[in-house]
Chemist: 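Have a look at this one before I ask anything.
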Number of protein chains: 2
Amino acid sequence: MTESARFHGTELLWKLSDQGRSVTRPALTVPRIAAAGITLADAAGMASVSMQQVAGMLDVTKMALYRHVTNKAELVAVMIEIAVGEPPDLSTVPGGWRPKLTEWARLMRETWQRHPWLPAATVGERAMGPREIGWTESAVAALEGTGLTGAQRMDAVFLVSGHIRNTRSASTAGTQPWSPDKRLRSQIAAHGDLFPALVAATEDTIDATPDSSWEFGLARIFDGLELLITGR
Amino acid sequence: MTESARFHGTELLWKLSDQGRSVTRPALTVPRIAAAGITLADAAGMASVSMQQVAGMLDVTKMALYRHVTNKAELVAVMIEIAVGEPPDLSTVPGGWRPKLTEWARLMRETWQRHPWLPAATVGERAMGPREIGWTESAVAALEGTGLTGAQRMDAVFLVSGHIRNTRSASTAGTQPWSPDKRLRSQIAAHGDLFPALVAATEDTIDATPDSSWEFGLARIFDGLELLITGR
DNA sequence: ACACCCAAGTGTCCGGCAGACACTGATGTG
DNA sequence: CACATCAGTGTCTGCCGGACACTTGGGTGT
């Protein structure tokens, strides 16, 4: 059927199109759907993840997705569970809780950097998957033997992960009146009489790297924890 | 024209109705619109603040609002600026930076408690109003004379306000696998073999107050800052 | 007294969103 | 061959933000 239809192009084209649809297209599965959602979110943010956009990526009607996920929240949950990946094994990290937690924070930050929508998605009341809980497990385990109570270990992990969330993306961190936003900065300068302390403090933040807040905060938090753990 | 129509009720009724519309109803103004939005957000969350809902509270069509605000983002910005209130004057707080910042954090937390939608609304790229910037100014000013560089003062304030944001509301804090969510907790217990550290740590968090994470984190952060400031 | 203007509020439309529900067409098994 | 099951479809509803043209009523200039 390849060459014989040379002079009946339309027929062949139609068949090709049909074959393209029914043969080459892989079956719709939850992982494939989630992967499409992740691709979309990585590229254009969580706001552009809608059922129809995801369906569009798979050349399928949005209603087809509902055969595999019960609703959008479930789709997002699967996306998160896949995107966070396997929790790390910190037992191989030499040293005490501090190097272990440092590595944990680094890995988590890295993951969230790869998927900038994760901070925004992992917010509010929702179901957590096993891998997501596993990340917390890792961090809490790193604090065993520090003499902290269970509640304190929990709070410490919460504090660190909160800091990651806050420094991770402009879309989840609170807006701050400095950072590279020239417009806002010039507004502060224009009303300098109202904000003398800000004007003074922003003078030497011009070359601040985006990572400086991250490192500063993490150092303070770890110092504070160390003070508590070593008992002064 | 008032009494002469006594026996032509319909006319009077129509006029009353007209008067009721034009006389008793106050004019639409930006503050009134914003107040309606704040009431709505306080009661039912940011998700229920839509142009039509706000307009409905004022017995007006949603399109009428667009005469006073250019779009929804601007409405929200005004809501925020009004809700945060005047920034505090910390110069009256006796003591050094730590009591001042403690008071600042307390006040900010209080404000955000009064308007639980504030954390969610003050996120992402957006315009900040003078009062909002003023809050930051207050905090940065409290750190003057500590010997910290401008960038460090900024980072410190960012760290504290980030912690407020994280502990403030379930709608902005990252989901955590403990807290009073029985369902999630039982799931951890059910798969206890996967999460031994979590099981151990959650055992004594049953009576954790919702404020404990807040106080724990703030104490660690302040301790860490103090360590840096006193130079040790 | 009259024409006119203009600001405030309105009605209608559009595209995009999540999701309910009934349907079609293929496939494998008795 | 009959039939159940299942993957994917089409259409509908009710929300959302917002563009745009419209009405209406209270001044104001002449």
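Keep in mind it's a predicted model, so treat the numbers as computed, not measured. So you know, we letter chains A, B, ... as the sequences are listed, proteins then strands, and number each from 1.
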Chemist: Which pairs count as salt bridge (charged side-chain N to carboxylate O under 4.0 Å, His left out) when at least one residue sits in residues 187-201 of chain B, sequence neighbours excluded?
Modeler: none
Chemist: Hey, can you pull the donor-acceptor pairs under 3.5 Å for the side chains in residues 46-54 of chain A, sequence neighbours left out?
Modeler:
| unit_1 | atom_1 | unit_2 | atom_2 | d |
| --- | --- | --- | --- | --- |
| A:S48 | OG | A:A44 | O | 3.4 |
| A:S48 | OG | A:G45 | O | 3.0 |
| A:S50 | OG | A:Q53 | N | 3.2 |

Chemist: Regarding A:V69, tell me which of base, sugar-phosphate or nothing describes its non-hydrogen contacts under 4.0 Å with the strands shown.
Modeler: nothing
Chemist: Strictly below 4.0 Å: does A:S50 bring a side-chain N or O up to OP1 or OP2 of C:dC17?
Modeler: yes
Chemist: Can you check the B:I33 CD1 to D:dG17 P distance for me, whole Å?
Modeler: 14 Å
Chemist: What distance separates B:I164 CD1 from B:L218 CG, expressed to the nearest 0.5 Å?
Modeler: 7.5 Å
Chemist: What residues form a side-chain hydrogen bond (donor to acceptor under 3.5 Å, both in side chains) with B:D89, not counting sequence neighbours?
Modeler: B:S91
Chemist: For every nucleotide of nucleotides 18-24 of chain D, 5' to 3': is a protein heavy atom under 4.0 Å from its base (B), only from its sugar-phosphate (S), or from neither (-)?
Modeler: BBB-B--
Chemist: Does A:D42 have any side-chain hydrogen bond (donor to acceptor under 3.5 Å, both in side chains) partners at least two apart in sequence or in another chain, and if so, which?
Modeler: A:H115, A:W117
Chemist: When the side chains of residues 76-87 of chain B are checked against the rest of the protein, which donor-acceptor pairs come out under 3.5 Å, sequence neighbours left out?
Modeler:
| unit_1 | atom_1 | unit_2 | atom_2 | d |
| --- | --- | --- | --- | --- |
| B:E81 | OE2 | B:R131 | N | 2.5 |
| B:E86 | OE2 | B:R131 | NE | 3.3 |

Chemist: I need the CD-P distance between A:E74 and C:dA18, as an integer number of Å.
Modeler: 15 Å
Chemist: With a cut-off of less than 4.0 Å, is there a side-chain N or O of A:H68 near OP1 or OP2 of D:dC6?
Modeler: no
Chemist: Tell me the interatomic distance from B:L65, atom CG, to D:dC16, atom P, rounded to whole angstroms.
Modeler: 13 Å
